[in-house]
Amino acid sequence: MADNDRKSLLVICGPTATGKTALSVRLAKSLNGEIISADSMQLYKGLNIGTAKPTNEEMNGIKHHLMDFLEPKYNFSAADYAQYADKAINNIIACGKTPFLVGGTGQYISAVTQGLSFVCSKPDEKLRNKIADMALEIGNDAMYKKLCDIDAEYAASVHPNNAHRVQRAIELYMQTGYTMSEQLVKSRPQKKPYNDIIFVLNYFDRELLYNKINTRVDIMLEQGLLIEAKEVYNNKDRFKTAAQAIGYKEIFPYFEGEQSLDECVDKLKQASRNYAKRQMTWFKRLKDTHNLYVDKQDCEKVIMDIWKEHK
RNA sequence: GGGAGAGUUCCCGAGUGGCCAAAGGGGACAGACUGUAAAUCUGCUGCUUUAUAGCUUCGAUGGUCCGAAUCCAUCCUCUCCCA
């Protein structure tokens, strides 16, 4: 049933290599849409091969937002993304077009569709480093105990080994005075911001997906992935975030002469498969999704039909 | 042909008489996720629907022993060295 108060949003997500890009371009063509990329790596300038960024030809005249727009030296976050994406969605609607939210970064998709409101103050790099140093000094267990004192409830939901989360929760409290538990409650809006419909693409036969991922890595190598990886390797400080992207860091041991190229490529393929698995876990958790199997059905037609009904 | 060594669970690899269904790692599978998310982290992995239980497993067969992945014999396979 249509919800006229809210803006319609068509979401296409799913693990890497399921064909989100090509499908969304085709759909955007027929539905007069523009695409907002939900990809934490494609948003950076350059890094075209490793992030599987679509070429102009593949975009086929469809406008892509939040893609290839940020210098790699800058950090970006889910909170930033949510803001930018909201703006983009409103612009697209204002132009009388259909907004497509397309990508594989689950956290970004959720931030937008759930309308999470993150705390106002941006993370303070210095504080973050200070906390990281503290962790180095007193150890993760001690940090976890600290978190237990601050916010026992949240601590119970975080594994002590997950230093990242423990540190972030401590950071949030030190910076804003809010505990993570409080933030979790505060950030949820009463109502979802968009009248969205979420399509999750996947392969029914996982073996097929994994093969697809493997051959895609081979294609990237043919396209010159090594050159791109070398650039990231030589400029790690400039490519802060990119240096942790799958596709570059796996090749580093080869540049260091520690491993053969074949070994690195195998590891790269494996990391990509593992990543796809994590994406599946995330998308499985989303509620009210339409799960589509690209190896079993005509997804384009199914989405068209459901979308028309939905609007 | 002679000599040396090796065969362990999906893979690598530890284990040399009982505490071994077998360390550790990898993979696979499952999961978590609120400003690093392509990141970070967790669980699980012989079978028996539950097991402080039973069964099957450490190249094969046979043996020693109360008891064998571990000792002995034979066989099979592989690697290396000499010819």
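The chains referred to below are lettered A, B, ... by the order of the sequence lines, with proteins before strands, and numbering in each begins at 1.
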A.B. asks: May I ask you to list the residues sharing a hydrophobic cluster with A:Met41, side-chain cutoff 4.5 Å, ordered by chain and number?
C.D. replies: none

A.B. asks: Considering only atom P, compute the distance from B:U70 to B:G59 and round it to an integer number of Å.
C.D. replies: 8 Å

A.B. asks: Rounded to whole angstrom, note down the C1' distance from B:C19 over to B:G2.
C.D. replies: 44 Å

A.B. asks: Pick base, sugar-phosphate or nothing for A:Thr51, based on heavy-atom distances below 4.0 Å to the nucleic acid.
C.D. replies: base

A.B. asks: Roughly how far apart, to the nearest Å, are B:U56 and B:U64 at atom C1'?
C.D. replies: 23 Å

A.B. asks: Can you tell me the Watson-Crick or wobble partner of B:A30, both distances under 3.5 angstrom?
C.D. replies: B:U42

A.B. asks: Report the base-pairing partner of B:A4 (Watson-Crick or G-U wobble, both distances below 3.5 angstrom), or none.
C.D. replies: B:U79

A.B. asks: Any strand counts, and the cut-off is 3.5 Å on both contacts for Watson-Crick or G-U wobble. Which nucleotide pairs with B:A23?
C.D. replies: none

A.B. asks: Going by purine N1 to pyrimidine N3 plus the second Watson-Crick contact, or the G-U wobble pair, all under 3.5 Å, which nucleotide sits opposite B:G18?
C.D. replies: B:C66

A.B. asks: Where along residues 68-88 of chain A does a heavy atom fall under 4.0 Å from RNA chain B?
C.D. replies: A:Phe76, A:Ser77, A:Ala79, A:Asp80

A.B. asks: Tell me which pairs pass salt bridge (charged side-chain N to carboxylate O under 4.0 Å, His left out) where either residue lies in residues 12-22 of chain A, with sequence neighbours left out.
C.D. replies: none

A.B. asks: Looking at A:Glu125 and A:Arg128, is any side-chain nitrogen of the basic one under 4.0 Å from a carboxylate oxygen of the acidic one?
C.D. replies: no

A.B. asks: I'd like to check the ring-ring contact (aromatic ring centres under 6.0 Å, His included) partners of A:Phe252; sequence neighbours left out, ordered by chain and number.
C.D. replies: A:Tyr233

A.B. asks: What donor-acceptor contacts under 3.5 angstrom involve side-chain atoms of residues 153-161 of chain A, with partners at least two apart or in another chain?
C.D. replies:
from: A:Ser157; atom 1: OG; to: A:Tyr154; atom 2: O; distance (Å): 2.7
from: A:His159; atom 1: NE2; to: A:Asn161; atom 2: ND2; distance (Å): 3.4

A.B. asks: Quantified in whole Å, what is the P atom distance between nucleotide B:C20 and nucleotide B:G13?
C.D. replies: 23 Å

A.B. asks: For the backbone of A:Asp151 and the side chain of A:Thr179, can you confirm whether one donor and one acceptor N or O come within less than 3.5 Å of each other?
C.D. replies: no

A.B. asks: Please list all pairs passing the ring-ring contact (aromatic ring centres under 6.0 Å, His included) test where one or both residues lie in residues 160-199 of chain A, with sequence neighbours left out.
C.D. replies: A:Phe199-A:His290

A.B. asks: Between A:His159 (NE2) and B:U42 (P), how many Å, whole number?
C.D. replies: 5 Å

A.B. asks: With sequence neighbours left out, which residue pairs that include part of residues 174-189 of chain A fulfil the salt bridge (charged side-chain N to carboxylate O under 4.0 Å, His left out) condition?
C.D. replies: none

A.B. asks: How many Å lie between NZ on A:Lys277 and C1' on B:A38, as a whole number?
C.D. replies: 16 Å

A.B. asks: Mapping A:Asn161 and A:Glu171 to their closest nucleotides on RNA chain B, which lands nearer the 5' end?
C.D. replies: A:Glu171

A.B. asks: Testing the 3.5 Å rule here: is there a donor-acceptor pair between the side chains of A:Lys284 and A:Asn291?
C.D. replies: no

A.B. asks: Tell me which residues in residues 203-226 of chain A lie within less than 4.0 Å of RNA chain B, going by non-hydrogen atoms.
C.D. replies: A:Arg206, A:Tyr210

A.B. asks: Residues in side chain to side chain donor-acceptor pair (under 3.5 Å) with A:Glu228, at least two apart?
C.D. replies: A:Tyr248

A.B. asks: Using atom P in both nucleotides, what's the gap between B:A21 and B:U45 to the nearest angstrom?
C.D. replies: 15 Å

A.B. asks: Contact class for A:Gly247 (heavy atom, under 4.0 Å): base, sugar-phosphate, or nothing?
C.D. replies: nothing

A.B. asks: Quick one: salt bridge (charged side-chain N to carboxylate O under 4.0 Å, His left out) pairs with a partner in residues 263-283 of chain A, sequence neighbours left out?
C.D. replies: A:Asp218-A:Lys269

A.B. asks: With sequence neighbours left out, which residue pairs that include part of residues 95-122 of chain A fulfil the salt bridge (charged side-chain N to carboxylate O under 4.0 Å, His left out) condition?
C.D. replies: A:Glu34-A:Lys97, A:Asp80-A:Lys122

A.B. asks: Heavy-atom nearest nucleotide on RNA chain B for A:Ala163 versus A:Tyr108: which residue maps closer to 5'?
C.D. replies: A:Tyr108

A.B. asks: Could I get a table of every N or O pair under 3.5 Å where one atom is in the protein and the other is in nucleotides 24-27 of chain B?
C.D. replies:
from: B:G27; atom 1: OP1; to: A:Gln270; atom 2: OE1; distance (Å): 2.5
from: B:G27; atom 1: O5'; to: A:Gln270; atom 2: OE1; distance (Å): 3.4

